[in-house]
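Below, chains carry the letters A, B, ... as their sequence lines are ordered, and counting in each starts from 1.
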Amino acid sequence: MMWRRRLTITLSLVSIAAPLRILAQDSRLTTKIPRETAAAITKLIDSARALSLPTDPLVGVALEGVNRHATNDRIVRAVREYIGALRTSRQALGDGATDAEVVSGAGVVLSGVNASVLHDLRAARPREALTVPLVVLADLVARGVPLDTATRAVYVATRAGARDADFTLLRHYIEQDISAGASPAAATSLRLRNVPGVTPEDLQTQAPAMVPRRPNP
Amino acid sequence: MSRGVSKPNRAVLAFLLVCVASSSDAQSARPFIDVQPMGVTAPRVETSTLSLGSGLDWRSPNSAAWFRGSADVLGSAFALRTFDGELRATLRRFGAFDFGVDSRAQFDAQRDGERYGSVTSGLRVSTGSPNYGVRLGAGATASQVPGAGLVAASAKVGGWIRVLGVSGSGELTMSLRPGLTTLDTVVPRTVGDTGTWIMTDSGLVHVPGQSHTEWIPVKLRLGNRARVNEARFALGAYVTGIFLDGTGGFFFAEGRNPSPHGLITATRWISPRVALMAGAGIRTIDPVAGLQERAMVFGLRLAPRRVVSGFVDAPNAAASQLAIARQGARVMISVRAAGARSVEIAGDFTNWNAVTLSRERSDVWTVALPLAPGVYRLNLRVDEGQWQPPPGASRVIDAYEGTVGVVVVN
């Protein structure tokens, strides 16, 4: 009898706690987003949670849309697209990937880089976190570096054993060169040579598979 | 230019209401009201603003009305103030050098039956950073004084500097004597039917049913009046929440003592879009004749954002060097922003609410936030300008056809 009573209490607490968690998330959304739109987003977030995807970034995407004065439909679409990118990132990086890796990988996917690049990068750096290399890859694409050049640079540096600090410096120098008037592609190719561990032979390495176009927004 | 922030077809309109009590030779205060829109954000072009305005002047027996325009288009600022107007436009950038147009105009209400005005315009080249730089310029100055119009070549050298939160600029303008030439010409002049007259900053004059334009002969003499040089400087700084903005200098006319001029204003924003302002100064009507006027300015400004052009002639403040450092459970975010009046960030960790950074020392702004390790997206804005990825941070294409900053917090 006692175990039945405990089970009943536990189930009751769980049934109360679960909606409360959803409600808490809703409160972040409903303060800025109309109720119907917030409900649609909450539903999407619940589906992401069921897939074990990180959900806080999804709330961030929705609130960023409000900050950017996007329409409600656009915000819902952006959250849906971001879930797709997170899912693709998770699949490419493997189940052992951390949330930070999955989030930075989603940024790469949204930049138009083929998901197989994530898989190749994971294979090139199996034991260390890929968060920083992926952030740098997405950054280079956002700065106008052609997809193949950016992908090849990060892949070559990763395979050469570059550390997070090396990637950070690589990005920093490329940003400086672009600001000084260099073309993004030339700046990337030039600075890649200075990454520790990268040999002249590495520079001949072809980039992994790519899709040379960005997805439709 | 960042993308996708403003709604298409959305216009932001705000008004500047300035009440000015002006006194000539401190004899009597003759107040007038100047109602002037401060900004209309052009659809789809976030960095451009257009303004149109009009005003009434009751300070003289011949009451006057005028129209004013201002624009801030893709980095080119056209600032109009109570006493004069300025156009500073960057046309092209070649490497480290900016080439642009620099103009200043002053059109005065009729004074003792006579009209005074001047326009100085020319090309300029400048180089430097938001912290310091130099500029050189050359052009022409056209002046209208009783009985004549004058045109003379002019050259100037100047620069700007920002240090310890104070922005300053200065320039020396020289009007050169081009030689003696006399030219008879005609200029448009508006005659009011009811004793009033209308004047515009652009020189165009027309009010249907109240005035008409006639052409009058004027002797246009090139440089045969007097050589006039001007040394001018400006300072701007936030002091305990009040923005102090001042300009001053001297006119040096041949055969006369140096003629000082200056204006200082204090602006206090009482809300993000409302400010109170007050100021006082001396303006020189005609440096050769030695005509001066003292004035006080009191105003209420309603604007779409806090950025209002000041006297300091320097590039817009810009942020650089975003730095993140963990301090226990909190993360210190610091930004170096030369000459900034305010710095804000918004990101995943603030639920995309704007958080204002505090000025820690001179140009460094900081905020400490409780952040767990992870990847966060954020944007930054300076002086309530456009949200953009913080310089020095990574960025990524976001879901709204724009870019957003990304930081990895360990």
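Atom CZ of A/Arg87 has 12 or fewer neighbouring heavy atoms from other residues, nucleotides or ligands inside a 6.0 Å radius. Environment of CZ in A/Arg125: crowded, with over 12 heavy atoms of neighbouring residues, nucleotides or ligands closer than 6.0 Å.
With respect to chain B, the highest number of heavy-atom pairs below 4.5 Å among A/Gln176, A/Arg171, A/His172 belongs to A/Arg171. With respect to chain B, the highest number of heavy-atom pairs below 4.5 Å among A/Ala78, A/Ser104, A/Gly107 belongs to A/Ala78. The candidate with the highest count of non-hydrogen atom pairs below 4.5 Å against chain B, out of A/Gly65, A/Ala100, A/Pro54, is A/Gly65.
Qualifying salt bridge (Lys or Arg N to Asp or Glu O under 4.0 Å) partners for B/Arg330, counting only residues two or more places apart in sequence or in other chains: none.
Listed for the A/Arg74 side chain is a donor-acceptor partner under 3.5 Å among the backbone atoms of B/Ala399. Listed for the B/Tyr400 side chain is a donor-acceptor partner under 3.5 Å among the backbone atoms of A/Val61.
Heavy-atom neighbours of chain A within the stretch residues 345-356 of chain B, taken at a separation under 4.5 angstrom, comprise B/Ala346, B/Asp348, B/Asn351, B/Trp352, B/Asn353.
Minimum heavy-atom separation, A/Arg68 to B/Thr403: NH2-O, 2.7 Å.
For a residue to count as touching a neighbouring chain, one of its non-hydrogen atoms must lie under 4.5 Å from one of that chain's; by this rule A/Glu64 touches chain B with backbone and side chain alike. With a threshold of 4.5 angstrom between heavy atoms, A/Pro57 approaches chain B through N, CA, C or O but not through any side-chain atom. Heavy atoms of A/Ala85 lying under 4.5 Å from chain B are absent altogether. Residue contact with chain A, scored on non-hydrogen atoms closer than 4.5 Å, involves the side chain of B/Val408 exclusively.
Evaluation of the salt bridge (charged side-chain N to carboxylate O under 4.0 Å, His left out) test over residues 182-198 of chain A, restricted to residues two or more places apart or in two chains, returns A/Asp177-A/Arg191.
Taking the side chain as every heavy atom from C-beta outward, A/Leu110 and B/Ile397 never approach each other to under 4.5 Å.
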Quick one: side chains of residues 138-145 of chain A, donor-acceptor pairs under 3.5 Å with protein atoms, not counting sequence neighbours, listed by atom name and distance.
residue  : atom : partner  : partner atom : Å
A/Asp139 : OD1  : A/Arg143 : NE           : 3.1
A/Asp139 : OD1  : A/Arg143 : NH2          : 3.2
A/Asp139 : OD1  : B/Arg395 : N            : 2.7
A/Asp139 : OD2  : A/Arg143 : NE           : 2.9
A/Arg143 : NH2  : B/Ala393 : O            : 3.1

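Within the model, atoms OG of B/Ser394 and CG of A/Leu137 stand 11.0 Å from one another, a figure rounded to the nearest 0.5 Å.
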